Structure formats: structure tokens, C-alpha cells
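Here's the structure we're looking at; comments come further down.
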Protein chains: 2
Amino acid sequence: MGEPVAAHHHSLARELECVSQVPIFQELATDQRTSIAKVTRPIHAEKGGLIYRPEEVSQTLYIVNTGQVRLYHLGDDGRERVLRVLNPGDFIGEIALFTDEIHQDYAEATKTTELCTISRTALTALLDRLPPLALSLLSALAVRLRTAERQATLLAIPDALPRLAGYLLTLTDQRVGTYTLPMSKQDLAAYLGMTPESLSRKLKQLATQGIIETVGRRQIKLLDVAALQAVAPQ
Amino acid sequence: MGEPVAAHHHSLARELECVSQVPIFQELATDQRTSIAKVTRPIHAEKGGLIYRPEEVSQTLYIVNTGQVRLYHLGDDGRERVLRVLNPGDFIGEIALFTDEIHQDYAEATKTTELCTISRTALTALLDRLPPLALSLLSALAVRLRTAERQATLLAIPDALPRLAGYLLTLTDQRVGTYTLPMSKQDLAAYLGMTPESLSRKLKQLATQGIIETVGRRQIKLLDVAALQAVAPQ
DNA sequence: CGGATGGTTGACTGGTTTCAAGAGAAGTGG
DNA sequence: CCACTTCTCTTGAAACCAGTCAACCATCCG
């Protein structure tokens, strides 16, 4: 953990590819995307590499192209609290657009990862020039806001089992099938506001009830949707 | 609870006053604000009146002008889980801009309240015509997102005391002084994911430690910032 | 003044955390 | 390809914190 991040020099093709794969740019015309690619700088991070760390000033928008990035706090007990996991298409740093906020968390690549970055000045200029971009960003922020608020209501539930069930419902889109967890179980536990031990026990409980089945280390097979909904809140 | 909401007919002066008091419109020119006022419809709600309820389709942006609105879920145990409390200038329904989302919560006036409403079609038209408006909205959403994510990390903490301390730190901006709680203590308890009883006990604990002092029913006097930070997480 | 609501306090129960140890998987190097 | 290390995950037992239920007090309102 902690190897420096490698920045590459400009090669428009790479940037364009990155920009084109990002949802918030998808609806734009090709020439508009090219103009975005021009102000984009790709960043490469190996597994364990840090994109940014606490105390750093946030003046950049990061968009994950390939790979995965994990955002986490470091509690005073030295334990990590996972805020969020970013998969391709997700982005961080939108606050950088408006204020010189200071990062309070670590952004770490969990595998080999490619990101596009846009500086605040470049992005505000883009927003002036491309009104549809503002709408895309608005839409993306609204979605994130919804999931964050849903997450908050989930976490407000005192009992661990419904909290887990609620999470599994959103993960699986309420359909029977096998799903891969977006993070390790200890990270998931922190994300759900419980200890790894509790998560393990609750998963087992759901398994013995025939609601789910754990496959290997990072996969979960949903068997009984209705039963899971019955356990979940609301 | 549950009295119908009274809608008023158009009287541009009222609408303009409402629009002018809302932060996201503040930076616009007067004529732009007038054009917004034209598509705005004011809504009045008495204490206990519902702005919307679950199952209703969200196609409107609501902006609180005066008064206060409380958003809450109804758990399957019949208990209310407070999502958020809206004070003047705050808004809800931004998701309505992009999808036909269905409301899953109640929006209830906690006192006599005036709101401005804008329909989705009117708002998208406005966003096309007034690019700065999109930026204002973006900025507001980014701020809300930050607080929602902070809230989520707070709630992930298993112990009630640091959770409360973390909340108090954000409420008080880490400065000694007297502050008014934005909601009732039972609502605050639900917002912080604990019972009113626990909140009462934890507040008392902080008081006996000389960190805070409760003044009346809705005010809290912060005495020792450092001690509060020591109790809070991170 | 009386009722309703919001808030506090107390004793008890129960679920989660903690601490500690063990099982399993994955990755490394011989 | 197999031992070995290492890390993740699981399992068990005990302490503890917060939830629950119930009663009481305070405040606000008509």
C-alpha cells in the first residue's frame, strides 16, 4: 500500500477512450467528447496505490475507467471504515468543483486501475461550454444522493440482520442468482456498520434459513427473494 | 397529521418573493428570477400537513420558503425514521428531474410552511435556458451529497456516544456557543439511529462531563470543543 | 387549569462487540 | 506441484452497550 501513482503524458487516443467509456460523457456528441478528452489526464494506479490521501486539497474530478477504487477513513482505533467502492464509470471529487475542500479519506486502488482526471478550472470551463454536461452531472449526483440517503436509512437500523438484508436486496436487484460482492467481507462489514464477526454470523444465519448461499469468498447466491424481503426493513 | 395541502392561485409577487429567498436562485439576475417565478407554484401547509406521501410519483421539485418540513420513513414496527429535516432554502424532489421515481417517504410540515414547487417539465426547460441555474443546482447537490455521505459514515459507528458527538461537531461548526437543534430530540434520535432514551442519556453524559449544557428544550451550549472532538470518531 | 406531547429516568433483557483462537483460502517460493 | 506463510474469514464464550417497557416529570397549548 502506498506506491506512488504514475501519470502518463498526453496521447489523445487514450484520453478519448477513457472519456468515451464514462457514463456521464456518453450522451455527448463525438466532437464534444474530443474537446473533453483534450483537458483530461489519465492516471494509472497499481493495486494498493493511493489516488489521494487525507489532508490533500481536492481540486480534481477523478473518474474510474477500469479497475476499482476504495474510499476509506482511518478511525482513531486504526481501523478502516469503508465509505464507498468505485467501479468503472463512478467518480469522486465533485465537491472540488465548488470549494477547496480537504480530502478526509484515502482513495486506494484495489486492483490495477485506470482513471481520467479533470482539473477544476478545466471542468468549470467545460460546463460553461457544454450545458448538456451539466445535466449529466446533475443526474449522476442525484443518483448518488439517492443511494447515499438509502444507505443512511439502512444504517439507522439498530439490528444487523435487516441491515444486511436491505443491502443484499439492493446488491442483487431482487432477483435470484449469483452475485459478486464489490468488496471484501471485512470492508463490507465496515460499510454496513458492523464487525466482520457479526457479518459472518448473519450471513450464516441467512444461509441456514435457506435464503442465500455463500459461494467461495466473494460470491453470494440468492435463493429466496421473498424471504429476504421479509427480513429486510420497510 | 394528514390534512390536505392548500394550493394558491397565481399572483406573481408571491412567487417572486419565494424564488428570491431560495439560495439556488440567489445568484441569478432579477429578470431570470422573474421567469422562474412564472413557472413556480406556491404551496401552503399547516403544521402536520403532508406535502407528499409514499407511493406518490415524484414529478415536482419542492423548495422550502418558510417553515420546516420533515422527511421520514415508516418502519414496519410503525416507528418513524427521520431522513432529513428541511429548513428554508432546502429542497426535495431533485430526482424527479430525471426519472419517475416513486416517493418512499412522507414529507410533513412540522409548522406552518410555505413552499415553491416547480414541475419537471418547467424545470428542465429552465435548465436549458439558464445554464447558471444548472451550476447552482449542481453545487447544492454536491453539498447535500457530502452531508449525506458524512451522515452515513457517522451511522456506521456502533456506539451511540461518538455518533452523537460527531453530529454535534458538524452542528456547531466546532466553535463554543449556544446552538438550536434543527429538529425535536425524538426526531434527532431517529436521525442518529438511536432511541430517544439513548439520546437523552448520552446528552446527559456529555453534560456531566462538562462538554455541553442543555438549554431549554431545543438548545445546546457547547463548552469544550476539544473534549467533544476526543469523543467523536476519526 | 387540564390534557397532550415531548422528554427524562430507572430496571431488565437481548443482540453486538470484544477478545481469543481456530479453519480455510490464496499467494509465495522452493 | 507441494509445503509454507499470510491473510481472510469463521467460530466460540463473555462483557457490555443500547433497546425495550414502564413510570414519571416538564413543557406547551388550548
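Note: hydrogens, waters and symmetry copies are ignored here, and every other heavy atom, side chains too, is used. Per chain, numbering begins at 1; letters A, B, ... match sequence-line order. The structure presented is a predicted model; accordingly, all values stated were derived computationally and were not measured.
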Take the protein atom [atom1] of [X] and the nucleotide atom [atom2] of [N], then report the distance between them rounded to whole Å.
{"X": "A:Arg163", "N": "D:dA18", "atom1": "CZ", "atom2": "P", "value": "13 Å"}
{"X": "B:Leu161", "N": "D:dC16", "atom1": "CG", "atom2": "C1'", "value": "14 Å"}
{"X": "A:Met194", "N": "D:dT10", "atom1": "CE", "atom2": "C1'", "value": "16 Å"}
{"X": "A:Gln186", "N": "D:dT6", "atom1": "CD", "atom2": "C1'", "value": "13 Å"}
{"X": "B:Leu188", "N": "C:dG7", "atom1": "CG", "atom2": "P", "value": "9 Å"}
{"X": "B:Leu199", "N": "C:dT9", "atom1": "CG", "atom2": "P", "value": "12 Å"}
{"X": "B:Ile157", "N": "D:dA18", "atom1": "CD1", "atom2": "P", "value": "12 Å"}
{"X": "A:Asp187", "N": "D:dC9", "atom1": "CG", "atom2": "P", "value": "8 Å"}

Reading DNA chain C from 5' onward, which residue's closest nucleotide shows up sooner: A:Gly193 or B:Thr214?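 In this pair, the answer is B:Thr214.
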Taking atom [atom1] of [X] and atom [atom2] of [Y], what is their separation to the nearest 0.5 Å?
{"X": "B:His73", "Y": "A:Glu149", "atom1": "NE2", "atom2": "CD", "value": "9.0 Å"}
{"X": "A:Lys111", "Y": "A:Thr66", "atom1": "NZ", "atom2": "OG1", "value": "9.0 Å"}
{"X": "A:Ile95", "Y": "A:Glu101", "atom1": "CD1", "atom2": "CD", "value": "5.0 Å"}
{"X": "A:Thr60", "Y": "A:Tyr52", "atom1": "OG1", "atom2": "OH", "value": "10.5 Å"}

Presence of donor-acceptor pair under 3.5 Å, side chain of [X] and base of [N]:
{"X": "B:Arg79", "N": "D:dG19", "result": "no"}
{"X": "B:Arg201", "N": "C:dG7", "result": "no"}
{"X": "B:Glu197", "N": "D:dC21", "result": "yes"}

Side-chain N or O of [X] closer than 4.0 Å to phosphate OP1/OP2 of [N]:
{"X": "B:Thr195", "N": "D:dG19", "result": "yes"}
{"X": "B:Lys204", "N": "C:dG7", "result": "no"}
{"X": "B:Lys185", "N": "C:dT8", "result": "yes"}
{"X": "A:Ser198", "N": "C:dT17", "result": "yes"}
{"X": "B:Lys202", "N": "D:dA18", "result": "yes"}

Within the distance-only criterion (no hydrogens, no angle test), does the side chain of A:Thr117 pair as donor or acceptor with the backbone N or O of A:Arg41 below 3.5 angstrom?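 Checked: pair present.
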When the nearest nucleotide of DNA chain D is assigned to A:Asp159 and to A:Leu203 on a heavy-atom basis, which residue is associated with the more 5' position?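 First, find each residue's nearest nucleotide; the 5'-ward one identifies A:Leu203.
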